[in-house]
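What follows is a single structure, written as structure tokens, with notes after it.
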Amino acid sequence: MLSADIIDSLFPSDLPGPEHWEDRYPPRDLPEGAQVTRFSPSPTGFLHIGGVYAATIDVDVAHHSGGRYLVRLEDTDQARVVEGAVAQFAEAFAYFSIEPDEDDENGHYGPYSQSARAQTYLTYARELLRQDRAYPCFATREELAEITARQRAAGALPGYYGKWAIWRDADPAEVTAKLQAGHPYVVRFRSPGAAGVRVSFTDAIRGELTLDDNRNDTVILKSSDTEPRLPTYHFAHAVDDHLMRVSLVIRGEEWISSVPLHLQLFDALGFPRVQYAHFALLMKQQGGSRRKLSKRRDPEATVTSYLEDGFPAPAVQYYLRGLANGRLAELPLAEALAAPIRLSECGTAGPLLDMVKLDDICADYIATLSGPQILAEVSVWAARYAPRLATVLAAEPELALRALAIERDGVANPRKDLRKWADFEVVYGYFFAEIFEPVTDPADARFASLDPDLVRAVAAAFADGYQPPAADADWFDQIRRLAADLGFAPSQKVYKQDPAAYKGSIREASQVIRVLLTGTPRSPDLAAVADALGTEEVLRRIRAAG
């Protein structure tokens, strides 16, 4: 065992002891049964929708128990930090209403990023060294690679343990000499695990689980030749969860195999064990099988896509909560958002992220909103992601509201053509002169192959006799009259009986007007569209094909 003087010389002379941190971060004053949860994203990449799923569960469990929810950045791998990731986290947390209850501005258990908590890890690493529960390791990359190759050749489990842990039982004099000579080293945890030993713990989602105990002497402090001296995830999370007084760690099932190590660290540090809850990961259907949703392969895995496309946050929250607890998917949206998520009802099979289903939920949700609510939401989204649309909406809000009212206000089954805010320009853009491009070519394919001269004739007749919509008149009757005058059949049925006698059916004639007004052969009620546009704009568009 190294001498206390040698161990202490490895750390700053003013490094406080554990009692300092225990006083600095006292137990929280919370009601009995209150849970403190945390979400710990790593800024080595942008947020995965699975992160929003996890944080949604974290927030809900904490708040329904009367506890607290915090976000702690796992940013100890500074070389891999992606610029802009932290800002994207904050934007996503705000959008989906999963912001932490405390942060560096108002919290008492910060800093809330691991890179700013370096002193705490040094204190507890020094304690483990003093108790001979950790040791310096000078193994080089080449030596570690050689160990791995020999393990493969021998059929042994990979890792740094037993006879493969070449510095575990090194002569203290040799270790001291290496340290005094300034050789770089890491600090490894001295695992108490033994071959054949199994450990059990109770998972809040999965019940009792039994796994092989950890035997690996895991690195807890990274190399001494880097500043600041930072811990590995395994060590940092144990120290932080204790000092931040986290009581329940909800995380993905990929961490189950790490629990034996984590329990060993809590025990060695003298900390009460936290409870773990490991949820099943979100999946994607691919052919006849399912696979893990991947940020590299699946655009819908990245939260940025939801923000850029403007998926309405309450609908996404509703869908994710239903994936966590099927019971919630059967409730109306408002009730489902207010009802608690129960860990006991989280399944152990990965829920399928179905974007078609999410689109339907979003469409249903938007259909419940009023025109002013939709306009407000679209305007906020457009200010960030569609500046031209934002300018148009700010200039013509009344036109936007008239457009939104069509087949929506006062009807039993309102339109469901908006699934996300990015759809607004596609669905309603033709109402705005700044966005709409008039159809000027009478030979355009959207006129259903009608003779260009006939298209011009329909447009001219409609413009010459145009009557704006009125409560006491059938607006469409003017299209019936011009169609009859120009030789169109009064219905598709009549046209099919003697196609040689007509130039087409009234459907083709009305489609000319529809395309000229909206740019598409499919649109809402034409009279309502014309009323929203106003006479001047209607005539401008109709005459564009002349």
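From a predicted model like this one, the values you see are computed outputs, not experimental measurements.
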Is a side-chain N or O of [X] found less than 3.5 angstrom from the main chain of [Y], in a donor-acceptor match?
X	Y	answer
R206	H278	yes
D217	S191	yes
D103	N106	yes
D101	Y69	yes
Y318	L331	yes
S65	A34	no
D60	T56	no
R321	A339	yes
E174	T176	no
T123	P16	yes

> Side-chain contact, heavy-atom cut-off 4.5 Å: F46 with F89?
Replying inline: no
Short N-O contact, [X] and [Y], less than 4.0 angstrom:
X	Y	value
R28	E102	yes
D298	R291	yes
R72	E74	yes

Hey, can you tell me if [X] and [Y] have their rings parallel, tilted or perpendicular (30° and 60° cut-offs)?
X	Y	value
F138	Y185	tilted
Y276	H237	tilted
F311	Y306	tilted
Y233	W255	tilted
F39	F93	perpendicular

> Side chains of D240 and Q114: do they bring a donor and an acceptor to under 3.5 Å?
Replying inline: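 Distance-only check passes for D240 and Q114.
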> Under 3.5 Å, is there a donor-acceptor pair between the Q264 and N214 side chains?
Replying inline: yes
>> Could you work out, with side chain to side chain contact (heavy atoms under 4.5 Å, CB included) as the rule, every residue matching R133, not counting sequence neighbours?
In response: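 Checked R133 against side chain to side chain contact (heavy atoms under 4.5 Å, CB included); matches are L128, Q131, A268.
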Restricting to non-hydrogen atoms, name the atom on [X] and the atom on [Y] that form the minimum distance, rounded to 0.1 Å.
X	Y	result
C362	P312	SG-CD, 3.8 Å
G347	I205	O-CG2, 4.4 Å
A62	R68	CB-O, 3.4 Å

>> Suppose the criterion is salt bridge (charged side-chain N to carboxylate O under 4.0 Å, His left out): which pairs have a residue in residues 374-386, not counting sequence neighbours?
In response: E91-R384
>> One pair to check against side-chain hydrogen bond (donor to acceptor under 3.5 Å, both in side chains): S40 and R38. What are the steps and the verdict?
In response: CA-CA 6 Å; S40 300; R38 51 82 165 169; 3.3 Å; yes
> For R190, what residues pass the salt bridge (Lys or Arg N to Asp or Glu O under 4.0 Å) criterion, not counting sequence neighbours?
Replying inline: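 Listed in chain order: D132, D169.
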